[in-house]
**Q** 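Handing you a structure now.
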Amino acid sequence: MDSTKAQDITRHIFKDEDKGCEYIKNLALSDSVEVLTKIIPALINEAEEKKNVNDAGYFSWLNDIYRKIVIEKLMNAEHLWTIYCDNTGYPYVVDNDIVVLYDYANHLKVEERLKKYGFSISFGVEDGQGIMSEVGHMYRNGIKNIRFIDGRDNMLTISREEIATYDMFFKDEYVTNPALQNALISFFQEFRKDKVDDNSPVLASKETDLKVALRNADLMVPCTKEEKDDSVSIAHPYVDITDKVEHKEGEQVLALPVFTDGIELDKCYFDKHENMLYTYMELLKSVKEIGASGIVINPLGVSYYVPLDIMKKIMAVMLSLLACTVLLAGCNTSSESNEEQSLKVYSFSGENEYISVSNGVIILDGKDEICYGGDLKVMSDDFANITTYSTTIYINGSEKETLLSNGVDDQTGETIDVSGNVGQISGDILRDSDADKLTDNLWFELKTTNLSGEENTYQVQLETTEITKEVKK
């Protein structure tokens, strides 16, 4: 924008009765963006330099008004150009933002700039409706903002919430895994680019993020269910990916397909299968039980194959972070004493029709113990009016031995949310004779009191696995 036009716009801002709103609506899109990226910031800076708080506040207020006008103009534009990363098939991501050109004149400069960093890109032509659809994908992919650029020196960053809210695309019960989707896209965008520099530190960081996101995800697994009398048998489909991954000679690689959300699931199994929602621990157990080679995440998306041995290592690495507390607490003992101690790590989970407990961990190092209660989730409307509750994790032997107990009581008479973290405890919490009982006798108990004073008790037996033993298999 030349100085004459900038002065003309400024004059309308000061002179027009509507503060220049109608004028900005009729400006070319590129000029409208520059009002927000250059003209208004310059006016605010000038006011701040003169320490004129009133003017600075006034121009900030105008900026908010103009911002809504410009966003509406962007969403009504006939053509916008989303930058796609050729090696993932998804929009190019930078710091959790995607990038969209609103002026195509300088697209070759953008392409050349990104190629220097090893990224091969293409431009997807969109209109406002296409951008709206992309915002829905931003929510499920963990993307925060759109950077609208002209390929020169103008960039206007718009958050996804300024364009549309989550509930315009998905219902509350719709399964999404934005952290995992984001980690997959970020990792493979970096992993598959042309090697123009040493990006190993960046890759290592993104791989760690990916493993953490995978460990914390609840994944959709397609299945077929067959009812026989009073029982239901469940079968999972395999995907033969022998020709797509490295493997031992003569080995057939049969992976269990899993999905981050329904959109990814429908790409492969549209209207053909039911599905189940598995935590990472449940997924690891299922893969071992059915004899699969591993899992393949989103086979027709940013596909990622995770062999069984890597799944075990991911589990072990995540739990070892928890074990560090115990190990460091005993670091003042002699090395000879430490060698005699054997670290054991147990995971536990369980559910019934009312409640579920997941991601619980018990760590024993031969001296001290630590119990992480995991996450409690209620699965019934019966818990909507709870005012008091307590949770207990215990060993049910000849006598009840409590490992962890917590209580919550709202003294104001308001209701409280029962779901959440169960808590943790460390110290000498377990008798030596009871360590062997963990795998078959660990229980969880929830006691509640509702607004009417009605008390209820819910119990579920916890399925316990010694992770340290599983990893060695």
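What you see below is based on every heavy atom in this structure, not just the backbone, and it leaves out hydrogens, waters and symmetry mates.
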**Q** Could you check if a side-chain atom of Ile163 sits within less than 4.5 angstrom of a side-chain atom of Ile158, using non-hydrogen atoms only?
**A**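 Result yes, sub-4.5 Å side-chain heavy-atom pair found.
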**Q** Measure across Leu462 and Gly350 and return the closest heavy-atom pair with its distance rounded to 0.1 Å.
**A**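 Shortest heavy-atom separation between Leu462 and Gly350 comes out as CD2-N, 3.9 Å.
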**Q** Restricting to side chain to side chain donor-acceptor pair (under 3.5 Å), what partner residues turn up for Thr208, sequence neighbours left out?
**A** none
**Q** Mind checking side chain to side chain contact (heavy atoms under 4.5 Å, CB included) for Asp266 and listing every partner two or more places apart, or none if nothing turns up?
**A** Phe270
**Q** Given the ring of Phe444, does Lys447 sit roughly above its face, with NZ or CZ under 6.0 Å from the centre of the six-membered ring and within 45° of the axis?
**A**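 Output no; distance or angle outside limits.
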**Q** Please list all pairs passing the salt bridge (charged side-chain N to carboxylate O under 4.0 Å, His left out) test where one or both residues lie in residues 136-151, with sequence neighbours left out.
**A**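 Salt bridge (charged side-chain N to carboxylate O under 4.0 Å, His left out) check on residues 136-151 returns Asp95-Arg147, Asp97-Arg147, Arg140-Asp261, Arg140-Glu264, Asp150-Arg152.
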**Q** Which atom names give the shortest non-hydrogen contact between Pro257 and Tyr269, and what distance separates them?
**A** CG-OH, 3.5 Å
**Q** What pairs of residues pass the ring-ring contact (aromatic ring centres under 6.0 Å, His included) test when at least one of them lies in residues 201-240, not counting sequence neighbours?
**A** His236-Tyr278
**Q** Parallel, tilted or perpendicular: which one describes the rings of Phe188 and Tyr304, with boundaries at 30° and 60°?
**A** perpendicular
**Q** Is a side-chain donor or acceptor of Asn275 paired with a backbone partner of Pro222 at a separation under 3.5 angstrom?
**A** no
**Q** What pairs meet the ring-ring contact (aromatic ring centres under 6.0 Å, His included) rule with one or both residues in residues 207-226, with sequence neighbours excluded?
**A**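 Of all non-adjacent pairs touching residues 207-226, none passes ring-ring contact (aromatic ring centres under 6.0 Å, His included).
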**Q** Quick one: salt bridge (charged side-chain N to carboxylate O under 4.0 Å, His left out) partners of Glu351, sequence neighbours excluded?
**A**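 Scan of Glu351 (salt bridge (charged side-chain N to carboxylate O under 4.0 Å, His left out), adjacent residues dropped) gives none.
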**Q** If every non-hydrogen atom of Ile416 is compared with every non-hydrogen atom of Thr388, which pair is closest and at what distance?
**A** CD1-N, 4.0 Å
**Q** Do Lys400 and Tyr394 meet the cation-pi criteria used here (NZ or CZ under 6.0 Å from the six-membered ring centre, within 45° of the axis)?
**A**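 Yes, cation above the ring, under 6.0 Å and within 45°.
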**Q** Check whether any side-chain heavy atom of Val361 sits under 4.5 Å from a side-chain heavy atom of Ile363, and report yes or no.
**A**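 Yes. Closest side-chain heavy atoms under 4.5 Å.
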**Q** Tell me every residue that passes side chain to side chain contact (heavy atoms under 4.5 Å, CB included) with Glu454, counting only those two or more places apart in sequence or in another chain.
**A**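 So Glu454 forms a side chain to side chain contact (heavy atoms under 4.5 Å, CB included) with Asn450, Asn456.
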**Q** For Asn87, is there any backbone N or O sitting under 3.5 Å from a side-chain donor or acceptor partner on Arg192?
**A** yes
**Q** Trp81 and ring-ring contact (aromatic ring centres under 6.0 Å, His included): which partner among Tyr92, Phe123, Tyr104, Tyr102?
**A** Tyr104
**Q** With sequence neighbours left out, what residues match Asp198 under side chain to side chain contact (heavy atoms under 4.5 Å, CB included)?
**A**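 Testing Asp198 for side chain to side chain contact (heavy atoms under 4.5 Å, CB included), a comparison that skips the adjacent residues, returns Ser200, Pro201.
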**Q** Grab the two heavy atoms, one from Ile146 and one from Met138, that are nearest each other, plus how far apart they are.
**A**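 Smallest interatomic distance, heavy atoms only, reads CG1-SD, 3.6 Å.
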**Q** The criterion is salt bridge (charged side-chain N to carboxylate O under 4.0 Å, His left out); which residues satisfy it with Asp153, sequence neighbours excluded?
**A** Lys38
**Q** For Glu161, enumerate each residue passing the side chain to side chain contact (heavy atoms under 4.5 Å, CB included) test, keeping only those at least two apart in sequence or located in another chain.
**A** Tyr139, Ser159
**Q** Taking only residues at least two apart or on different chains, which pairs with a member in residues 105-123 satisfy salt bridge (charged side-chain N to carboxylate O under 4.0 Å, His left out)?
**A**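 Passing the test, one end in residues 105-123: no pairs.
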**Q** Donor-acceptor pair, distance only, cut-off 3.5 Å: does the side chain of Asn199 make one with the backbone of Val202?
**A** no
**Q** I'd like a table of donor-acceptor pairs (distance under 3.5 Å, sequence neighbours excluded) in which one partner is a side-chain atom from residues 373-380, with atom names and distances.
**A**
residue	atom	partner	partner atom	Å
Asp375	OD2	Asn359	ND2	3.2
Ser380	OG	Asp382	N	3.1
Ser380	OG	Asp382	OD2	3.1

**Q** Would you check if the side chain of Asn182 reaches a backbone N or O of Pro178 as a donor-acceptor pair within less than 3.5 Å?
**A** no
